[in-house]
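Here is the naming used below: chain letters follow the sequence lines, and residue numbers restart at 1 for every chain. Both backbone and side-chain heavy atoms feed into the values below; hydrogens, waters and symmetry mates do not.
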Protein chains: 4
Amino acid sequence: MATQPTRADARGNRARILEVAEEVFGRGGSAASTEEVARLAGVGIATVFRHFPTKQILVEAVLVRHFDRLCERARGLAESDDPGPAFFGFFGQIVADAAGKLAIIEAFTDAGGDVGGKAAQGPRDLREAVGVLLRRAQDAGAVRTDAGLDEVHALLVGVSRAVAHIRLDERARARALEIVFDGLTPR
Amino acid sequence: MATQPTRADARGNRARILEVAEEVFGRGGSAASTEEVARLAGVGIATVFRHFPTKQILVEAVLVRHFDRLCERARGLAESDDPGPAFFGFFGQIVADAAGKLAIIEAFTDAGGDVGGKAAQGPRDLREAVGVLLRRAQDAGAVRTDAGLDEVHALLVGVSRAVAHIRLDERARARALEIVFDGLTPR
Amino acid sequence: MATQPTRADARGNRARILEVAEEVFGRGGSAASTEEVARLAGVGIATVFRHFPTKQILVEAVLVRHFDRLCERARGLAESDDPGPAFFGFFGQIVADAAGKLAIIEAFTDAGGDVGGKAAQGPRDLREAVGVLLRRAQDAGAVRTDAGLDEVHALLVGVSRAVAHIRLDERARARALEIVFDGLTPR
Amino acid sequence: MATQPTRADARGNRARILEVAEEVFGRGGSAASTEEVARLAGVGIATVFRHFPTKQILVEAVLVRHFDRLCERARGLAESDDPGPAFFGFFGQIVADAAGKLAIIEAFTDAGGDVGGKAAQGPRDLREAVGVLLRRAQDAGAVRTDAGLDEVHALLVGVSRAVAHIRLDERARARALEIVFDGLTPR
DNA sequence: CATGAATGAGAGTTCATTCAT
DNA sequence: TATGAATGAACTCTCATTCAT
């Protein structure tokens, strides 16, 4: 029952569609047309709808996949011996990712408002995972203790969004991060 | 034929349309329909198109107006005797505004990517105005000198966006700002 | 397109669409496409949807109109001095009408199951109107008293449907009616 | 891969498909999807199309089977010693059947208009068989002699349709039949 | 011989935009 | 000048039918 054990390349198509969808929706937002996804994926429109019976489901699937990857990474870092760098590193990585890909993906995500169902779980899981990293970093004295998860999460999303939408060169992005990181560091 | 002929004549249709459009696009994003703008403004759809021949032009006009207001405020503060508070206050105000209204406005704005033409001037002007405030605050020793306009602008947009999209209570928003402000303050 | 002066004949368009729709749905059932209605009416598809925001609403409107006409006729006959002929005449007229036009119209109607909203009122009103004619005919001794409204209504619909779907020549139709009428007459 | 391989092998796919199709089309009309037939039959969609290369062919096959059964019954009764009850009994049985199953089957059937090919033969055969029953009943004095096959057939179809579409309780259905039967009986 | 993934043609519906009043 | 009816293009989604496995 996993995904589609049926045909060999059916899974291939599914994967390709997801990948293309991430790119298309990343660029044009959820307003981008399913038809464009189909075209770029090199399949008929009906094939997209066979794998993802609804546009919303497709969008959700993209989000779920994305957040699953992020969470996985976060959970890996949760056991690090060096909680400070683990936290800041993860923060930085997410922001770096956002630069190219996230775009609208997060436009939905954060609030989780529009997309219900499974997709809403993604942000929630991520939040939780970030919470663990944050707590450990605070316990280790690497992050100021008066910083709550709410605002850290907001900053994470905000900086990612900013970076995703504004063309920011490497150095500027690094300095933006540095500012936030400094703000998060105990004096 | 309009619903409120009184206000219609009083302020002029153009102004009314702009006002309503800001609200409508602020809520539903650029996806919101032009017809809804017309309806809420109490004018016929054709009247909207007479004043703004294209939806894009209408959106741009909304943005321009919005940025003009922001710039005006920024320029007012540029002559303040207290450059530090002026800068931080402006930053905070923009973010506070964003909470309720900006929403999509920024979704277009920031990069200026999608909207060409005049609208692109809005962000640019704002950027410039912020630049002035920043430089003066730096000169006064209230902001670290290695913070460039690029990253400050990015943070401004980013935090605004985060606040606009994430339901963040008062305290969390204040703390998020505090973190960023701390990061901007020289050690 | 061809014949679109505007304004005043918006009502004209609405009427034409309804008329064409009755014919199209009468032929092909509710499965017939809205696009065909538009084409035959000589208007763009969007015009149809402007007047009838949903296909269902369009279908309902057709039904409502049709039933309104029938009811009007029935009510006119309700005051007849000759209740027997009034009842049988109305029965016969409905069946005659059905021959050419009803077709699917009744396919929805009768049960009223599928079409909700206003349309459901149509059949109900008609049923009521027929009930009045029936009672008066029974009081006058022209119709057997053990015939309930349920079965009379069923026969009315049934014979109409039969006539609508089967190519039946004049004489055969007359004889089918005669059989039913004889069955309804007290011995 | 099928859901019930047992039954599948036992009866042969063709038979299973036909059976399921009768039920599915009986419920949802010809609008019901071929895929639903496949699903309920526990076979792949392609298997359905292997046996019945076209949806229309499948529908026709269902009709043919249905009419074959009816005709068989009619022919059995044709030799009855009691032509009156034989005729009326058959009439009643068909109507009773229609209540649950026919639905759309008749929507095509009757006129034979829509479905060409073999299916058209079904109604024709049935008509003929009914003709035999009718003539014998007339010869036996149980049915008025001025009732032609055309109108009897029409009434048969009509009453069946009415009963199939209108929710009619047992008693009302019985009385509707009684009325028609009375109408068919010589005075 | 069976399977189910892939497909294209259409259906309903929406929306920015134009045109006659 | 303001209006709103009309329009076609585009989008989401469905379904009968085909093809590779």
Hey, is the side chain of His51(A) poking within less than 4.0 Å of OP1 or OP2 on dA6(E), counting only N and O atoms?
-> yes
For Glu23(B), all residues meeting salt bridge (charged side-chain N to carboxylate O under 4.0 Å, His left out), sequence neighbours excluded = Arg27(B)
Contacts of Lys55(D) and Gly44(B) projected onto DNA chain F by closest heavy atom; the upstream (5') one is Gly44(B)
From dT7(F), dA2(F), dA11(E), nucleotide with atom closest to Thr47(B) side chain | dA2(F)
Looking only at side-chain N and O atoms, does Thr34(A) come under 4.0 Å of OP1 or OP2 in dT12(F)?
-> yes
Taking for Ser33(D) and for Glu35(B) the nucleotide of DNA chain F with the nearest heavy atom, the one nearer the 5' end belongs to Glu35(B)
Between Ser33(B) (side chain) and Glu36(B) (backbone), is there a donor-acceptor pair under 3.5 Å?
-> yes
With sequence neighbours left out, what residues match Glu19(A) under salt bridge (charged side-chain N to carboxylate O under 4.0 Å, His left out)?
-> none
Out of dT18(F), dA6(F), dC13(F), which has the shortest distance to the side chain of Arg50(C)?
-> dA6(F)
Under a cut-off of 3.5 Å for both distances of each Watson-Crick or G-U pair, what dot-bracket string does DNA chain F give, using [ ] for crossing pairs and | for inter-strand pairs?
-> .||||||||||||||||||||
Would you say a side-chain N or O of Asn13(C) is under 4.0 Å from OP1 or OP2 of dA5(F)?
-> no
Among the candidates dT17(F), dT3(E), dA9(E), find the nucleotide nearest to the side-chain atoms of Ala46(D).
-> dT3(E)
